[in-house]
Amino acid sequence: MLDPKIVRANPEDIAAQLLKKKYVFPVETFKALEEQRREVQVNTENLQSERNTQSKSIGKAKAAGDDIAPLLAQVSNLGAQLEEAKASLVEINTKLDDILLGVPNLPDPEVPEGVDEEDNVEVRRWGTIPSFDFDPLDHIELGNREKGMDFESAAKITGARFVVLRGKIARMHRALIQFMLDTHINDHGYEEIYVPYMVNKESLMGTSQLPKFEEDLFKVPFGERDYYMIPTAEVPVTNMVRDEIIDEADMPLKFTAHTPCFRSEAGASGRDTRGLIRQHQFEKVEMIQMVKPEDSWQALEDMTSHAENILKKLELPYRVINLCGGDLGFAAAKTYDIEVWVPAQDKYREISSISNTLDFQARRMKARWRNSQTGKPELLHTLNGSGLAVGRTLVALLENHQNADGSINVPVALQPYMGGLTAI
RNA sequence: GGAGGGGUGGCUGAGUGGCCGAAAGCACUGGUCUUGAAAACCAGCGAUUCGUGAGGAUCCCAGGGUUCGAAUCCCUGCCCCUCCGCCA
C-alpha cells in the first residue's frame, strides 16, 4: 500500500506516476472521499471527546456522593449521535481503503516506459546460445525417453497442467532443488527456511495477492474460513515479519526456501499448454530479503546476481531484462526478469523475477525495524526473487545440454547431486 | 474429540467497571561518577492518527454486545498452554 499521507498530499502527482504502470487512479473520487472523511472524523472525535469528559464527571460525582441523574440526562442523546457519526466514518474509511488497497506500487524512475513485454529493456546477456549439428528435441520429447515425463498420468490423476516425473528426470528435478538451496545457503549467505504451503487471507493481503488477484489462487475451504495454496514462497516467508519489529542488529534478514507453488493460471488458458513451462503446480526456490530502506536497491542487484549465479553454474545462457512500467507487477517498484534460452522455442523464457517492493508490502504488513538512530520503529523494505523456478530450469537443462542420441549432459556443478553422473 | 488455563507496551509481567495508555522489572536513550568501560545512581522511554499549536481521538488477540463509562462484565471467532483420547 502507498503511504496514505503522501497520496493525500499530492493525488495528482501520484496519479501521474501510476500512469507509467497503466493504472488510472481515481483522483476526483479519492479527493471527495478524503474531504468527507476529514469532516466526519473531526465530528466523531469531538463527540467522543464530549462523551469522555461527561462520563468522567459522572464518575467524580458518583464518588462524591452527588446526585448523578441530571448528568445522565445530559448525555442521553449523545450516544445516538456518536453511533451515527461512527457508522458513517466506517463507511467512508471502507471506501477509501478499497481504493488504496487496489492501487499498485509506484514505479521507480529507472523503470522504462512501456506497455508490455515488447518494451522491456535488456540489461545484459551471458553464455552462448547452443548450436546443434542435429535436430534438437524439445523437453517433452526428451522427457519421454524412458517415460521420464508423463503428462497423461498426471491428467488422469488430476487434470491438465500437471505432470508426473519419473526416474532420472525426477532425480534431476530434485537435484536442482538441492543444488539451488545449497548455493544460496553456502555462497550467498541465506538462511534456509521451511514454511506452510497453505496460508490465510491476512498473509495474502500482506504481500498483495489479495484482494485484487483472488482468481489466480487455489482456495481451500477449512471450517468457517478459507486457506489458500501458496502461489509462491514469497507469501509465507515475507509474512514472517508481519506485525513484527525487527532489531536493527538482526538486519538484513535473508531467507531462502524451497516450496511448491500453485497457480490457477486463470488468465492464461491456451498459453503454453504443452509441456512443463506453465503448470498449476511447480517447484521454486525463492530468495527473500528484509532490509533497511537505504539498502534495498543494492539488495536488488545482489539478489539478481545470486539468481544469475545459479544459471552460470548450470551453464545455461540467459539475459537480464528491466521490466517496463506496463509489465511491472502490482507490488513492485522495479523488477529484473531473468530469461533463460529455450532452444525448442528459439527464444528466451522467464525463469526468475526479482523485485524490490520498497515499503509497499511492509506497510500492508506493519513490518518494521527499530532504527537505533531515532529509537523509533520504521517500515522496512522487502524484496523477493526466484532463484530459480525449478520446472523451467529443468526444461532449459534438458534442451540446452542434449546430445544427438537424446542423452543429457549433467553440468559439473550438478554432478555431486546426481551421484556423480556426467550424463543421463 | 473431551476437560481445564491463558492472550496486556521491544520482552517479562501486575491490573479493583470510572483516579489506567496502563504498576514493576528487563532492554534501550541521556546524564553523574570513571583514564575508559562495567557497576551504582539520576532522568527519559509504547504505537497509530487529526491539528500550525495547545491539545484531541484510537489501540490492552479479533469482531460483536451490556453501560453514561470497558483492559476489566457477556457472546462469538482465532491463537497459545496443560491433562486425557486418537494419530503421520
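All values below were derived from every heavy atom in this structure, side-chain atoms included, with hydrogens, water molecules and symmetry-related copies excluded. Values in this document were obtained by computation on a predicted structure and should not be read as measured data.
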P atoms of B:C61 and B:G13, separation to the nearest Å = 14 Å
request  = Determine which nucleotide pairs with B:A54, using a 3.5 Å limit on both distances of a Watson-Crick or G-U wobble pair.
outcome  = none
inquiry  = Given 3.5 Å as the limit, does a donor-acceptor pair link the side chain of A:Q279 with the main chain of A:G275, or not?
reply    = yes
ask   = What is the nucleic acid contact for A:Q54, judged by heavy atoms within less than 4.0 Å: base, sugar-phosphate only, or nothing?
value = nothing
Centroid-centroid under 6.0 Å between A:H258 and A:Y194 rings = no
message = Does A:K62 reach a base, just sugar-phosphate, or nothing at all? Heavy atoms under 4.0 Å.
response = base
query = Mind checking what makes salt bridge (Lys or Arg N to Asp or Glu O under 4.0 Å) contact with A:E141, not counting sequence neighbours?
reply = none
request  = Give none if B:C26 has no partner; otherwise give the nucleotide forming a Watson-Crick or G-U wobble pair with it, both distances under 3.5 Å.
outcome  = B:G10
inquiry  = Please give the distance between the P atoms of B:A62 and B:G10 as a whole number of Å.
reply    = 13 Å
message = Taking B:G77 as the reference, what is the distance to B:U58 when you measure between their P atoms (whole Å, please)?
response = 29 Å
ask   = If each of A:V42 and A:F222 is mapped to the nucleotide of RNA chain B with the nearest heavy atom, which maps nearer the 5' terminus, i.e. the 5' end?
value = A:V42
query = Under 3.5 Å, is there a donor-acceptor pair between the side chain of A:D295 and the main chain of A:V291?
reply = no
ask   = Who does B:C41 pair with, Watson-Crick or G-U, both distances under 3.5 Å?
value = B:G31
Distance between P atoms of B:C45 and B:G25 (Å, rounded) = 14 Å
ask   = Toward the 5' end of RNA chain B, which comes first, A:Y227 or A:I245, by nearest nucleotide?
value = A:I245
note = The Watson-Crick or G-U wobble partner of B:A70, with both key distances under 3.5 Å, is none
inquiry  = Categorize A:I58 for me: base, sugar-phosphate, or nothing, with a 4.0 angstrom heavy-atom threshold over every strand shown.
reply    = base
key: All salt bridge (Lys or Arg N to Asp or Glu O under 4.0 Å) counterparts of A:K212, not counting sequence neighbours   = none
ask   = Taking the six-membered ring for Trp, are A:F30 and A:F25 ring centroids under 6.0 Å apart?
value = yes
inquiry  = Taking only the C1' atom of each, what is the distance from B:U72 to B:C60 in whole angstrom?
reply    = 10 Å
request  = Mind running a 4.0 Å heavy-atom check of residues 43-53 of chain A against RNA chain B and sending the residues that fall below it, in number order?
outcome  = A:E45, A:Q48, A:S49, A:R51, A:N52
query = Taking only residues at least two apart or on different chains, which pairs with a member in residues 161-180 of chain A satisfy side chain to side chain donor-acceptor pair (under 3.5 Å)?
reply = none
ask   = Expressed as a whole number of Å, how far does the P atom of B:A43 sit from that of B:C26?
value = 14 Å
inquiry  = With a strict under 4.0 Å distance from non-hydrogen atoms of chain A, what nucleotide opens and what nucleotide closes the contacted stretch of RNA chain B, reading 5' to 3'?
reply    = B:G10 to B:C79
inquiry  = Taking the ring of A:F213 and the ring of A:F330, is the distance between their centroids below 6.0 Å?
reply    = yes
message = If I pick the P atom on B:G36 and the same atom on B:U32, what distance separates them, to the nearest angstrom?
response = 11 Å
message = Among residues at least two apart in sequence or on other chains, which ones pass side-chain contact (heavy atoms from CB on, under 4.5 Å) with A:N46?
response = A:V42
message = Consider side chain to side chain donor-acceptor pair (under 3.5 Å). Of A:H381, A:E378, A:E248, which one does A:K292 pass it with?
response = A:E248
note = B:U82 -> Watson-Crick or G-U wobble partner, both distances under 3.5 Å, gives B:A3
ask   = Distance between the C1' atoms of B:A22 and B:G15, in whole angstroms?
value = 8 Å
